[in-house]
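Here the structure is laid out as structure tokens; the discussion comes afterwards.
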Amino acid sequence: MKEQKPKKRQQKNPTHNEEKPSVQSFQTEKPTKYFPQEEIGKPQQTSRDNTRVSVRGTKAKSCAGRSKSLEQFAEETVKTQPEIPKDKTKASPKTKTAKPHSGKAKLLEQMVEELKITEAETIIEAKICAGTMKSPEEIRKKQQKSFESITKACEPQLQGGTDSILYTTLDKLRIRRNERSDASKVINDIIKSIVEHLKKNTVSFQEVQEPLRTGSYYENLKISSPDEFDVMLPMPVARVDIQPFRDDGAFYSVALKRSKSPLSKFKDEAGILSASKMLKEFREEVTKCVKPFKEWVLTRKKKGCPAVTLTTEVNSVTISLDVVLCIVVQSSWPPFTKDGLRIEGWLGTKVRQKYKYLPYYLVPKYEGRGTMECDGVLAKDIWRVSFSHVEKDILKNHGSEKTCCEEGGVRCCRKDCLKLLKHLLSLLKERESFDKFCSYHAKTTLLHACCSRTKDTDWHTSNLGHCFQIFLKEFEGYLQKGVLHNFFIPTQNLLSGISDESCKSLAQCIRNERYNGFPIFK
DNA sequence: CCAGGCTAAACAAG
DNA sequence: CTTGTTTAGCCTGG
């Protein structure tokens, strides 16, 4: 009933972050290069509809206008964007079912075979097949058949077999609107109260900035239920001296160059800002603030963890809110980020540059025992970098073409792949103790994957089954090697704190699922 | 600071 | 499947 019908867009914006991982330091090995290259590389290129979309080097992509100076980037890119031919949605009435034609379909089938052959020797395969030699095949065929009869798909193998279970699963993971609505009200209220309290009733934290809503809920990647929320509360600091703590480039000590910041009281004699002292007082303030809200419960402090976790119940479901203290650093990113964020081929150099101009964040997170000392600084007073704001923006503006996933653009399955992996991971964690693995590992894998298959058509939604297979293979590859580089800080190996056995075991489980049509989803 | 506009995603209906 | 509506989140402009 309104006349609110937009038209085009050009503004996209970035912001904020998230937090998560936890890992140990230590060097890695060599740049990880994975098999996907050969397998995926070619078929994709031959894919027909690419010619259309990738017409030119129109990789400008959107560009989220961020702070003022960034808007310019946005406009610029918009201008340089040649205005792509229009998209298919119109052209082919039967859209997806008819999509994968000749060449592509064949290649895909080949690939499937390849997958099977090249890895068929592995133990699991043998094990699994021992009792059910043909069952996977049979199931696939059966499903394929029914699928064909219904849609008369041109590309049976992958589409028919695994896709239906994947779509069904995605459907189950969808968050209900009512649940979301109820939970978000409750969450927003408490966040508001906390921020107000910090501003009005505290000295140390009165300069707190707008909360950064980060993490999967705010990235539209939350699955199953809106029961986990992450918010970072940024404290500005005037001028700081950041020094690496240990050698992986993810942890730093922060020295306040004398100033009359409200945070000065957390300095030691050397001017080092003590993460532990600051977090302690922050926690106390949050505790004070939520006291009157009887329905909220504060969970116990976890060692090394930057979050103050609050829980409550909404419709008899427990939901939690992680409130994370952080400091905003305006200066340029640490040198360790130099070789990270290699998104040039995917999102473009301008976008990369734009991100690099943003501030970065530090959260009071450490690993191991807090009493460990390095250059006179205790581990518990160490900060870890966070680029959650960039992660969030990338996930939102994840297409090579600016119209990816927008109306009139190509619909991609990047996020769907990530949701499915997260789900798979959590199911496997229920079954076995894979405690050390977290969704940040999945997210990082997706970011890397997007950098090696950069075109939106590489992730076309009609290719979900295939994309997910490759995506999982990559993840398995990282696990096998025990090396997964932090997307922003390549020197940090996100798997360094996890045993080889554990990694390999998880890889096996995933492979097992992949080969068998994801029985765990059923 | 707020109101209003916009988007993505859920959802409803045909 | 397509189309239209609703909503939380986020942005902008006044």
Side-chain angles (χ1 to χ4, degrees), chain A residues 1-18 62-75 78 87-99 147 150-153 159 163-164 167 170-192 195-196 199-200 209-232 314 319 321 358 388-389 392-399 402-416 418-419 456 461-462:
Chain A
M1 262 324 170
K2 296 313 47 144
E3 11 98 273
Q4 40 162 167
K5 231 2 189 320
K7 42 186 48 239
K8 221 67 266 212
R9 114 251 294 52
Q10 73 197 60
Q11 85 252 56
K12 297 209 153 190
N13 20 356
T15 27
H16 335 118
N17 43 36
E18 160 200 36
S62 75
C63 258
R66 177 73 213 293
S67 45
K68 352 286 198 100
S69 56
L70 294 170
E71 281 176 25
Q72 297 168 342
F73 275 111
E75 308 218 353
V78 168
D87 220 301
K88 81 247 300 49
T89 33
K90 249 30 203 286
S92 73
K94 23 193 73 190
T95 38
K96 78 177 10 158
T97 50
K99 189 77 61 29
F147 183 81
I150 295 166
T151 67
K152 61 190 204 87
Q159 301 295 333
D163 272 19
S164 60
Y167 286 123
L170 280 170
D171 214 62
K172 282 188 276 194
L173 299 179
R174 170 166 301 134
I175 288 176
R176 308 276 117 200
R177 194 159 62 182
N178 288 341
E179 278 180 72
R180 184 171 65 124
S181 180
D182 294 345
S184 68
K185 278 190 195 71
V186 171
I187 290 291
N188 288 334
D189 283 351
I190 194 71
I191 292 175
K192 200 169 151 209
V195 173
E196 267 172 25
K199 280 184 172 164
K200 292 182 183 152
Q209 299 179 348
E210 272 309 285
L212 301 185
R213 288 152 211 263
T214 68
S216 52
Y217 175 82
Y218 296 104
E219 291 169 342
N220 282 314
L221 287 168
K222 189 71 186 74
I223 52 176
S224 303
S225 157
D227 54 2
E228 291 172 358
F229 296 79
D230 303 86
V231 168
M232 293 170 69
V314 173
I319 66 175
L321 168 64
L358 300 181
S388 325
H389 55 319
K392 182 178 176 182
D393 193 65
I394 289 179
L395 267 302
K396 181 175 293 192
N397 300 292
H398 57 262
K402 115 182 150 129
T403 53
C404 182
C405 290
E406 290 176 1
E407 54 178 357
V410 173
R411 178 87 209 164
C412 85
C413 64
R414 291 175 176 98
K415 284 179 165 186
D416 287 339
L418 182 48
K419 285 185 191 173
D456 298 341
T461 186
S462 62

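Everything numeric here is computed off the predicted structure, so don't read it as measured data.
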Is any side-chain N or O of [X] closer than 4.0 Å to OP1 or OP2 of [N]?
{"X": "Y217(A)", "N": "dA8(C)", "answer": "no"}
{"X": "N188(A)", "N": "dG9(C)", "answer": "yes"}
{"X": "K415(A)", "N": "dA8(B)", "answer": "no"}
{"X": "S181(A)", "N": "dA8(C)", "answer": "yes"}

Grab the N/O contacts between the protein and nucleotides 10-14 of chain B below 3.5 Å, and write none if there aren't any.
residue: dA10(B); atom: OP2; partner: R174(A); partner atom: NE; Å: 3.4
residue: dA10(B); atom: O3'; partner: R177(A); partner atom: N; Å: 3.3
residue: dA10(B); atom: N3; partner: R177(A); partner atom: NH1; Å: 3.1
residue: dC11(B); atom: OP1; partner: R177(A); partner atom: N; Å: 2.7
residue: dC11(B); atom: OP2; partner: R176(A); partner atom: NH1; Å: 3.1

Rounded off to whole Å, could you give me the [atom1]-to-[atom2] distance for the [X] and [N] pair?
{"X": "L395(A)", "N": "dA8(B)", "atom1": "CG", "atom2": "P", "answer": "14 Å"}
{"X": "E407(A)", "N": "dT3(C)", "atom1": "CD", "atom2": "P", "answer": "11 Å"}
{"X": "R213(A)", "N": "dA8(B)", "atom1": "CZ", "atom2": "P", "answer": "19 Å"}
{"X": "E179(A)", "N": "dA8(C)", "atom1": "CD", "atom2": "P", "answer": "14 Å"}
{"X": "K185(A)", "N": "dT7(C)", "atom1": "NZ", "atom2": "C1'", "answer": "9 Å"}
{"X": "D393(A)", "N": "dG9(C)", "atom1": "CG", "atom2": "C1'", "answer": "14 Å"}
{"X": "L212(A)", "N": "dG9(C)", "atom1": "CG", "atom2": "P", "answer": "15 Å"}
{"X": "I187(A)", "N": "dG9(C)", "atom1": "CD1", "atom2": "C1'", "answer": "14 Å"}

Practice problem: Apply the test side-chain contact (heavy atoms from CB on, under 4.5 Å) to residues V410(A) and C404(A): give CA-CA distance (whole Å), side-chain angles for both, the deciding distance (0.1 Å), then the verdict. | Solution: CA-CA 5 Å; V410(A) 173; C404(A) 182; 5.5 Å; no

Practice problem: Tell me what K222(A) touches on the nucleic acid: a base, only sugar-phosphate, or nothing, going by heavy atoms under 4.0 Å. | Solution: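 Nothing, no nucleic acid heavy atom in range.
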
Self-check item: Pair D456(A) + R411(A), salt bridge at N-O below 4.0 Å
Solution: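 R411(A) and D456(A): not salt-bridged.
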
Practice problem: Show the numbers, then the answer: is there a side-chain contact (heavy atoms from CB on, under 4.5 Å) between E219(A) and K396(A)? | Solution: CA-CA 7 Å; E219(A) 291 169 342; K396(A) 181 175 293 192; over 6 Å; no

Quiz prompt | Step-by-step side-chain contact (heavy atoms from CB on, under 4.5 Å) determination, C405(A) to H398(A) | solution = CA-CA 9 Å; C405(A) 290; H398(A) 57 262; 3.3 Å; yes

Exercise. Check step by step if side-chain contact (heavy atoms from CB on, under 4.5 Å) holds for L212(A) and V231(A).
Key: CA-CA 5 Å; L212(A) 301 185; V231(A) 168; over 6 Å; no

Practice problem: Go through the structure and list residues passing side-chain contact (heavy atoms from CB on, under 4.5 Å) with K199(A), not counting sequence neighbours. | Solution: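 By the side-chain contact (heavy atoms from CB on, under 4.5 Å) rule, K199(A) matches V195(A), V208(A), E210(A).
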
Please tabulate, for the side chains in residues 180-192 of chain A, all donor-acceptor contacts under 3.5 angstrom to protein atoms that are two or more places apart in sequence or on a different chain.
residue: S181(A); atom: OG; partner: K185(A); partner atom: NZ; Å: 3.0
residue: D182(A); atom: OD2; partner: N315(A); partner atom: ND2; Å: 3.0
residue: S184(A); atom: OG; partner: R180(A); partner atom: O; Å: 3.1
residue: S184(A); atom: OG; partner: S181(A); partner atom: O; Å: 3.1
residue: N188(A); atom: OD1; partner: R213(A); partner atom: NH1; Å: 2.7
residue: N188(A); atom: ND2; partner: S184(A); partner atom: O; Å: 3.1

Quiz item: What nucleotide, of dC10(C), dA8(B), dG9(C), holds the atom closest to the side chain of K392(A)?
Solution: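 Selected nucleotide: dC10(C).
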
